[in-house]
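The figures that follow rest on heavy atoms only: side chains count, while hydrogens, waters and symmetry mates do not. All chains are named by letter (A, B, ...) in the order of the sequence lines, taking the proteins before the strands, and each is independently numbered beginning at 1.
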Amino acid sequence: MATTTTAVTTNVFSGEVNSLRTVLNLLKSIHIKNIATCNIYDEGITFTVVETHRVKAIAYIRRHMFEIYRKQQGQEVPTFGIGLNTLIDSLSLLGPASTPAADTCKIQYPSTGTHLVISRDDRENDVSTHCRLVTLEPDSENLELSLNDEPNLSQRAIMKSSWLKEAMSDLDKSCEKINMTFSPTDPCFSLTGEGNNGTFEMEYPEHSESFISFHCNEEATYSYHFSHIVYCNKALDQSDEVSLRVSRDGVLSMLFRIQESHVEFTMLPYDSSTTGDA
Amino acid sequence: MRFRANLINPVGLGKIALTLEKFGSTCILSVGMDSVRIIKYSDNDGSMQAWTYSSLFSNYRVESTNNNEINMTVVTDDLLRATRAAQQSTDIRIQLRKKRDQPILDWSMVSENRVGSTCIIGQEISVTIIPPERMRHIKEPAIAATPDAYILLPSLHNLKNVAGRLKSMGKYLTLSANMAGVFKLSVETELVQCETIYRHLENPQLAGHELPEDIESFASVKISTDNFVNFLNSYHLEPQNVICSLTDELQVAFYLYVNIDAYRSRTGDEPPPPRVTTHSNQPRTIMTCHIPVYYD
């Protein structure tokens, strides 16, 4: 009986990203803590960081960012932890590519509980680089917090990142608390920073038409730790659009659109009993 | 004790000084009948050594009771600054003199000032004369007669970028090479193992050395990442070739072949120097660098 031998990959996951630079930027934008949790799904890979049980950041590396994506359909890959410092250093080691087309990177997860392998083979220049990263237990800090399935959103807005960037840069760095006020009437959105040096107020922009989209049923003000909002700076810098959602409990989600991918920050409202830092 | 010479290649000397400055704050200028050596030496094993043989001078005169050799320690930064001033000048004369009982290297050069008229600029560098008894102990490390592997390195500038990124990953790195054209940089820590591999490099021919039976087998040494990055600053010298010589677990040496003449500026009637290639016309400057090896 004739049998065909096919090359079967025994890897739990193996893939090749189109743009290492994009992946690196996404990871740098969630680099608020060293340990990240990695999840490999059929639709893509996520890296999640949770800080002080109050802020969660997720980088989405979706399947369309991969040239090759090999994972057993429907098979669940157990979550694992990874050191972000090391992961970012390893990706940086692969170095800038001579052309954007050459800026690829192979990612392999051979089997559960082993290493994550990052590599690039530059045939043209006869150089290849690989890094085998130790995988860890998933971070014990967890925050089951997501507004994705939340039906009762209090506020929703999509705005240009440049506006939010400008508003943020106007705030004094000594602020401890940021208040966001949404209103169905103009001025529809304003930011206030409160700190030891007093209160700073910005109404920006003035009209709801300036937003890409804006939904607000009733006026409300929500407060967050300034330090948590500052965590989003890198993501804000790289993005062109940001979508803000607030639940009735005041949980804020900011979804930053970065090229063809997303980074999402979710945070609990300001709690005066904590300073907001770890 | 007398030393007098014309510095005909201030840019070349400057580049050597710039490279050696990364290895430490002082260097030794050793002038003898046959050659000029610029040495970065260290007694302890923790740092690097660079031995440069070069032709940077003309109208050269050395006299001393020590076999007509004079060795002096100089602050590398002083040397660097003096050469910077000299680069804009001509007719640069260096002389060893005594000033108030202290030895100095006296530089005099002809320069054009802003208005366009010529003037003579002087500079002085303090030096410390090294007595012959002490100089006897300053020797280049012995190289194993037959290293296990020797290979022509890829661009130093490229290596410097890679090594720089490896610095954040580990304090030590392993250099490996084989006689089949492969050179590797690796770092291994508790968290990660990284390797950058260069292939299809050239293994030069070492006279009288037979290739090992297994040309694919690697010779490796463990060195400090910092030392390697510092060494790679020698890319300033734009070496034509850099040979890395490895004796497994014991020793590593780098030979940089530099065409220092290329930095000489020419007056109108001087012919350009012959183009130097690996196989003909020995370049006039060779810098040998030794990096200390760590043992597990």
Side-chain angles (χ1 to χ4, degrees), chain A residues 20-21 23-24 27-28 31 33-38 47 80-99 102-110 113-139, chain B residues 149 151-204 215-216 218 220 223-226 228-229 232 235 241-242 244:
Chain A
L20 170 61
R21 214 175 127 239
V23 173
L24 198 47
L27 290 175
K28 283 180 181 171
H31 195 190
K33 194 168 110 168
N34 187 28
I35 308 282
T37 300
C38 180
F47 288 91
F80 60 87
I82 192 108
L84 261 189
N85 295 353
T86 312
L87 181 57
I88 288 174
D89 282 344
S90 300
L91 289 168
S92 304
L93 183 65
L94 268 48
S98 38
T99 60
D103 196 26
T104 58
C105 162
K106 282 204 179 85
I107 303 178
Q108 286 160 287
Y109 188 43
T114 61
H115 301 91
L116 187 69
V117 182
I118 306 284
S119 62
R120 176 192 274 167
D121 194 1
D122 182 353
R123 295 273 165 86
E124 211 181 284
N125 295 311
D126 284 320
V127 190
S128 62
T129 309
H130 13 258
C131 301
R132 284 173 83 216
L133 287 83
V134 166
T135 57
L136 315 160
E137 288 297 315
D139 188 15
Chain B
I151 194 162
L152 273 174
L153 291 184
S155 129
L156 290 191
H157 193 227
N158 173 295
L159 281 176
K160 183 166 145 74
N161 288 334
V162 173
R165 286 178 223 130
L166 284 173
K167 254 171 93 162
S168 59
M169 295 175 109
K171 209 170 149 217
Y172 300 102
L173 66 82
T174 300
L175 290 183
S176 310
N178 67 14
M179 294 307 284
V182 184
F183 177 73
K184 301 195 283 195
L185 294 177
S186 16
V187 170
E188 185 167 334
T189 66
E190 276 173 359
L191 302 171
V192 67
Q193 289 166 286
C194 289
E195 209 165 52
T196 301
I197 307 173
Y198 298 86
R199 294 193 169 85
H200 299 127
L201 298 170
E202 202 182 307
N203 296 97
I215 59 168
E216 310 259 358
F218 284 94
S220 305
I223 59 174
S224 130
T225 317
D226 268 342
F228 190 54
V229 172
L232 291 168
Y235 80 91
N241 290 302
V242 182
C244 173

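Closest approach of V162(B) and L93(A) over heavy atoms only: O-CD1, 3.9 Å. Residues I151(B) and G181(B) share a closest heavy-atom pair of CD1-C, 3.6 Å.
In this structure a side-chain-to-backbone donor-acceptor pair under 3.5 Å is missing from T37(A) to P138(A). With N34(A) contributing its side chain and L84(A) its backbone, the two residues share a donor-acceptor pair below 3.5 Å. T135(A) contributes no side-chain N or O that, together with a main-chain N or O of I82(A), makes up a donor-acceptor pair within less than 3.5 Å. Between the R120(A) side chain and the L94(A) main chain, a donor and an acceptor come within less than 3.5 Å of each other.
Within 6.0 Å of NZ in K106(A) there are 12 or fewer heavy atoms belonging to other residues, nucleotides or ligands.
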Could you please spell out the steps behind the side chain to side chain contact (heavy atoms under 4.5 Å, CB included) verdict for L166(B) and F228(B)? CA-CA 10 Å; L166(B) 284 173; F228(B) 190 54; over 6 Å; no

Stepwise, does the side chain to side chain donor-acceptor pair (under 3.5 Å) test hold for H31(A) with N85(A)?
CA-CA 8 Å; H31(A) 195 190; N85(A) 295 353; 2.6 Å; yes

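Note on R165(B) versus D89(A): no salt bridge recorded, every NZ/NE/NH1/NH2 to OD/OE distance being 4.0 Å or above.
Contacts between residues 184-194 of chain B and chain A, counted as heavy-atom pairs separated by less than 4.5 Å, involve E190(B), L191(B), V192(B), Q193(B), C194(B). Residues of residues 172-180 of chain B placed with any heavy atom under 4.5 Å of a heavy atom in chain A are absent; none qualify.
The residue among N161(B), T196(B), N158(B) with the most heavy atom pairs within less than 4.5 Å of chain A is T196(B).
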